[in-house]
Amino acid sequence: MKGIYKDYFPIVWKRSTFPTAGDYVLTATYKNQLVFVKPEVDNDTLTFPETWININLGQQTELIEDSDSATISFTNPTSGAGDKYIKVINKTPTPQTIGVGFDNGSSLPHILLVFDEIGSMYNVTAQFNPTLKAYITEDYQENSVLRGAIQTPVVWKQNLAALEETSNWKLERDPVSGQYSITTA
């Protein structure tokens, strides 16, 4: 995608260590509710979202700062982003890091992309196509900000919106070629 690793950065959503043999279960929950997030980033790792707001396609919000308390928050979403987009305008006086993610129904949303240093009065307009990719590597931690492309090939790629509500998959390694595959279980 144009601007990836320069203007915006993907986040490692899930990471798991699998045993060399036997069965293992990994559970991941995705809820189709987008959010804009004002994240905390510490050494390229997301540590804690300061504030967030649920947003739907076609809606926009503003990131604002209360002049008395210096608290940063989002305004209630309104229409105006276009049918296939979501939009946030940074109305604080300083550049801000803004994230896009989804509300999975737990206490904190999952952040999927971050946009660094969005200037005052600039905006992030996103068209969100939720694609999940799986890699076999030991190089990353959950919630890491990816500053460059993953150097191993994609083992599996799926459009999240096209998956069944409950999906089961099987990870296998071919003993002859050493290649990994993920197939429907």
Side-chain angles (χ1 to χ4, degrees), residues 1-5 8-37 39 45-46 48-49 52-61 74 77 79 81-88 98-115 124-146 148-185:
M1 299 182 322
K2 185 178 179 183
I4 194 165
Y5 310 120
Y8 61 92
F9 305 90
I11 307 301
V12 175
W13 176 38
K14 289 286 184 187
R15 180 186 184 277
S16 185
T17 302
F18 292 92
T20 55
D23 293 336
Y24 178 81
V25 174
L26 167 69
T27 301
T29 302
Y30 169 77
K31 181 179 173 187
N32 194 19
Q33 175 59 65
L34 297 174
V35 294
F36 274 121
V37 179
T45 300
L46 296 175
F48 193 95
W52 65 89
I53 191 147
N54 289 357
I55 191 132
N56 296 317
L57 291 179
Q59 291 184 325
Q60 65 183 24
T61 183
F74 291 97
S79 62
D83 290 344
K84 298 180 181 179
Y85 300 93
I86 56 175
K87 179 178 177 179
V88 60
I98 297 173
V100 176
F102 66 91
D103 178 349
N104 69 346
S106 69
S107 60
L108 298 175
H110 284 293
I111 302 169
L112 303 174
L113 291 173
V114 291
F115 298 80
V124 170
T125 301
Q127 181 178 15
F128 193 71
N129 299 312
T131 302
L132 181 62
K133 296 178 183 178
Y135 300 86
I136 306 295
T137 181
E138 296 179 359
D139 297 337
Y140 304 95
Q141 297 297 319
E142 202 164 292
N143 294 322
S144 295
V145 178
L146 297 177
I150 295 175
Q151 298 301 309
T152 60
V154 174
V155 175
W156 181 77
K157 181 177 170 180
Q158 289 287 320
N159 176 342
L160 285 172
L163 290 176
E164 296 292 325
E165 186 172 330
T166 300
S167 302
N168 294 298
W169 303 90
K170 185 176 183 180
L171 171 67
E172 294 181 295
R173 181 177 183 270
D174 184 303
V176 176
S177 70
Q179 298 291 318
Y180 289 91
S181 65
I182 298 178
T183 56
T184 304

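As the structure is a computational prediction, the values presented were derived from the model and not from experiment.
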Heavy-atom nearest pair, Gln141 first then Arg15, reads CA-CD, 3.7 Å
So Lys14 and Glu142, do their side chains get closer than 4.5 Å, heavy atoms only?
yes
On a heavy-atom basis, which atom in Gln59 and which in Pro77 lie closest, and how many Å separate them?
OE1-CB, 3.5 Å
Minimum heavy-atom separation for Tyr140 and Gln151, please, with both atom names.
OH-N, 4.2 Å
I want to check something: taking the side chain as every heavy atom from C-beta on, are Thr152 and Ile136 in contact at a cut-off of under 4.5 Å?
no
If I take atom NZ from residue Lys157 and atom CG from residue Leu132, how far apart are they, to the nearest 0.5 angstrom?
11.0 Å
Just so I know, are the side chains of Tyr5 and Pro10 near enough to count as touching, which here means a heavy-atom distance under 4.5 Å?
yes
Could you tell me whether the side chain of Leu112 reaches within less than 4.5 Å of the side chain of Ile11, counting heavy atoms only?
no
What's the separation between atom CD1 in Ile111 and atom CZ in Phe102, rounded to the nearest 0.5 Å?
11.0 Å
With the side chain counted from C-beta on, respond yes when Val154 and Tyr135 share a heavy-atom pair under 4.5 Å apart, and no when they do not.
yes
Distance, nearest 0.5 Å, that separates NZ of Lys133 from CH2 of Trp13:
14.5 Å
Among Tyr180, Trp156, Tyr24, which residue meets the ring-ring contact (aromatic ring centres under 6.0 Å, His included) test with Trp169?
Trp156
With Tyr8, which of Leu113, Val124, Ile98 fulfils side chain to side chain contact (heavy atoms under 4.5 Å, CB included)?
Leu113
Testing the basics here: between Ile55 and Gln33, what is the closest heavy-atom pair and its distance to 0.1 Å?
O-NE2, 3.2 Å
For Val114 versus Pro39, what's the shortest heavy-atom pair and its separation?
CG1-CG, 4.2 Å
Just wondering, are more than 12 heavy atoms of other shown residues or ligands nearer than 6.0 Å to CG in Asp83?
no
Rounding to 0.5 Å, atoms CD1 (Ile53) and CG (Asp103) come to a distance of 11.5 Å
Hey, could you give me the CZ/OG distance between Arg173 and Ser181, rounded to the nearest 0.5 Å?
11.5 Å
Could you tell me which non-hydrogen atom of Val145 sits nearest to which non-hydrogen atom of Thr45, and how far apart they are?
CG2-N, 4.4 Å
A side-chain contact here means heavy atoms from C-beta on lying under 4.5 Å apart; do Ile86 and Thr61 qualify?
no
